[in-house]
Asker: 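Here you go, one structure.
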Amino acid sequence: MSKYLKFMNTPEGVQQIFIREKIGKMSSGEFEKYEKRIYEQLNKIGIPTNGELAYENQNKIFVWHTMGDGKVCGDCALMDGKIFEYMEDISDDMHPNCRCYIEEIDLESV
């Protein structure tokens with residue numbers, strides 16, 4: 001499992017991965033909003049580029065899973081089982097205390 005995916009699937013929930021290109025396009029207000037999370041990521045895994053993430057994603061898919069219980073919100077329930085070809089396509093607007101997780105599947109080992 002990639003270091004990026006390990007960062008995304010934490011006990012606190014799914015986290016957004018901030019990439020250099022996205023940070024560069026942020027307004028000052030957006031940066032201020034996410035500044036704490038950006039520096040937390042920088043200290044744990046660094047700030048990748050789109051190319052680095054694309055390399056990490058080769059021959060892999062990513063599947064969204066909920067906990068499957070009565071506490072799952074409607075938005076997350078709609079995402080359950082959704083397959084993503086690229087990790088950066090996964091929404092970065094997760095709600096606080098989200099219990100969903102992303103499964104990384106290596107297509108070469110299936």
Asker: Does the pair I19 and T49 meet the rule for a side-chain contact (heavy atoms from CB on, under 4.5 Å), with working shown?
Answerer: CA-CA 5 Å; I19 57 173; T49 63; over 6 Å; no
Asker: For the atom pair CG (N43) and CD1 (I45), what is the distance rounded to the nearest 0.5 Å?
Answerer: 11.0 Å
Asker: Quick one: salt bridge (Lys or Arg N to Asp or Glu O under 4.0 Å) pairs with a partner in residues 75-84, sequence neighbours left out?
Answerer: none
Asker: When rounded to the nearest 0.5 angstrom, what distance separates OG1 in T66 from CG in L78?
Answerer: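 Rounded to the nearest 0.5 Å, the OG1-CG separation comes to 10.5 Å.
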Asker: Could you report the tightest heavy-atom contact between P48 and Q41, atom names first, then the distance?
Answerer: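 Looking at all heavy atoms of both residues, the shortest contact is CD-NE2, 3.5 Å.
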Asker: Working to the nearest 0.5 angstrom, can you tell me the gap between K25 NZ and R20 CZ?
Answerer: 14.5 Å
Asker: Mind checking whether F31 and Y34 sit in one hydrophobic cluster, side chains of I, L, V, M, F, W, Y counted as touching below 4.5 Å?
Answerer: yes
Asker: Give a yes or no on whether Q58 atom CD has more than 12 heavy-atom contacts from other residues, nucleotides or ligands under 6.0 Å away.
Answerer: yes
Asker: How long is the gap from CD1 on I23 to CD on E35, to the nearest 0.5 Å?
Answerer: 10.5 Å
Asker: side-chain contact (heavy atoms from CB on, under 4.5 Å), that's the test. Do I105 and I83 meet it? Break it down for me.
Answerer: CA-CA 10 Å; I105 299 173; I83 298 171; over 6 Å; no
Asker: Drop me the distance from D106's CG to I61's CD1, to the nearest 0.5 angstrom.
Answerer: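 If I round to the nearest 0.5 Å, the distance is 10.0 Å.
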Asker: Is there a side-chain contact between I90 and I102 (heavy atoms, below 4.5 Å)?
Answerer: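 They are in side-chain contact.
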Asker: If every non-hydrogen atom of V72 is compared with every non-hydrogen atom of M67, which pair is closest and at what distance?
Answerer: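 Nearest heavy atoms, V72 then M67: CG2-N, 4.1 Å.
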Asker: Please confirm whether the backbone N or O of S27 pairs with a side-chain atom of E30, one donor and one acceptor, at under 3.5 Å?
Answerer: yes
Asker: Go through the steps for M26 and F18 under the test side-chain contact (heavy atoms from CB on, under 4.5 Å), then give the verdict.
Answerer: CA-CA 11 Å; M26 285 182 176; F18 294 95; 3.6 Å; yes
Asker: Grouping I, L, V, M, F, W and Y whenever their side-chain heavy atoms are under 4.5 Å apart, do Y39 and I47 come out in a common cluster?
Answerer: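 Yes, Y39 connects to I47 through the hydrophobic network.
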Asker: What's the spacing between W64 CH2 and E103 CD if we round to 0.5 Å?
Answerer: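 That separation rounds to 14.0 Å.
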Asker: Taking side chain to side chain donor-acceptor pair (under 3.5 Å) as the test, write out the residues that go with D69, two or more places apart.
Answerer: R99
